[in-house]
Amino acid sequence: MKPAMETAAEETTEQSQDKKGCFECCIKCLGGVPYASLVATILCFSGVALFCGCGHVALTGTVTILEQHFSSNASDHALLTEVIQLMQYVIYGIASFFFLYGIILLAEGFYTTSAVKEMHSEFKTTACGRCISGMFVFLTYILGVAWLGVFGFSAVPVFMFYNMWSTCEVLKALSVNMTTSPDQICVDVRQYGIIPWNALPGKACGMALENICNTNEFYMSYHLFIVACAGAGATVIALLIYMMATTYNYAVLKFKSREDCCTKF
């Protein structure tokens with residue numbers, strides 16, 4: 001029989017080996033996590049949620065401001081109202097699409113990361129898998145370019161509301177300096193092309209303009225458009241990360257699929 005001390009030492013060694021094996025298994029599993037795709041997915045979900053949610057509410061507030069202060073005739077802004085309603089429906093579609101697309105890209109990231117790092121000995125790439133990865137690379141590039149346009153477009157209402165807000169700040173400064181009559185300072189929204197030139201009143205001057213800037217609709221719409229623009233920018237960054245991750249994974253998968261990859265690396 002073995003001494004008690006030797007038996008205890010063997011048990012301790014076995015326990016340490018089990019712990020080491022569990023630790024190595026955890027490290028191996030963590031190595032298969034596509035961290036770039038995970039960060040991009042979180043950023044994409046956050047950016048799309050901000051853009052869609054804030055943009056939807058801000059568009060509703062914009063219609064209210066136009067109806068109450070710049071266009072008394074409903075027929076003058078009927079086309080704009082229909083366009084805004086269409087954009088709100090498009091926002092619903094964008095939110096649903098990117099929710100699904102983000103999950104698919106994250107799953108594809110797990111697939112390609114496991115294949116690239118060979119997490120499992122029986123895990124091998126196929127021509128179909130490489131074709132799907134290439135398709136995601138192409139689609140992500142297209143979406144990235146499209147979202148650059150969305151980001152630029154979302155900056156337009158921010159610019160319009162900023163001009164109105166800065167004009168109101170000038171009016172507040174006039175109450176101290178009194179160098180110019182407040183009625184001479186106006187904002188004409190017809191110059192932006194959102195309502196026709198024959199729309200009445202079409203512009204706001206003096207105290208009427210200052211009252212518009214003090215309304216909750218203006219304050220909320222202005223800040224929500226800023227947040228929506230920031231959300232669009234975050235989505236562009238997320239798509240750029242997706243592009244880099246998917247392109248790298250696709251290139252490595254294609255490289256590893258060659259039989260002579262080890263001799264030509």
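Throughout, residue positions are numbered sequentially from 1 according to the sequence presented.
- The salt bridge (charged side-chain N to carboxylate O under 4.0 Å, His left out) pairs that include a residue from residues 187-216 are Asp188-Arg190, where partners are two or more places apart or lie in different chains.
- Looking at Ile212 and Glu217, their side chains never come closer than 4.5 Å, going by heavy atoms from C-beta outward.
- Side-chain contact between Phe161 and Ser221 is present, with heavy atoms from C-beta onward closer than 4.5 Å.
- Residues Val39 and Phe45 do not share a hydrophobic cluster, clusters being chains of Ile/Leu/Val/Met/Phe/Trp/Tyr side chains in contact below 4.5 Å.
- For the pair Leu105 and Ser37, the minimum side-chain heavy-atom distance is 4.5 Å or more.
- Under the 30°/60° scheme for interplanar angles, the aromatic rings of Phe98 and Tyr101 are found to stand perpendicular.
- His56 has its ring centre less than 6.0 Å from the ring centre of Tyr92.
- A continuous path of Ile, Leu, Val, Met, Phe, Trp and Tyr side chains, each step under 4.5 Å between heavy atoms, connects Leu80 with Val189, placing both in one hydrophobic cluster.
- Thr246 places a side-chain N or O within 3.5 Å of a backbone atom of Met243 that can act as its donor or acceptor partner.
- A centroid separation of less than 6.0 Å is found between the aromatic rings of Phe51 and Trp147.
- Residues Leu209 and Tyr162 are members of one and the same hydrophobic cluster, defined by side-chain heavy-atom contacts under 4.5 angstrom among Ile, Leu, Val, Met, Phe, Trp and Tyr.
- When every heavy atom of Gly206 is checked against every heavy atom of Leu171, the shortest pair comes out as O-CD1, 3.3 Å.
- Contact of the Val156 side chain with the Tyr192 side chain is not registered, since no non-hydrogen atoms from C-beta on lie closer than 4.5 Å.
- In summary, the side chains of Thr60 and Gln88 do present a donor paired with an acceptor at a separation below 3.5 Å, with no hydrogens or angles considered.
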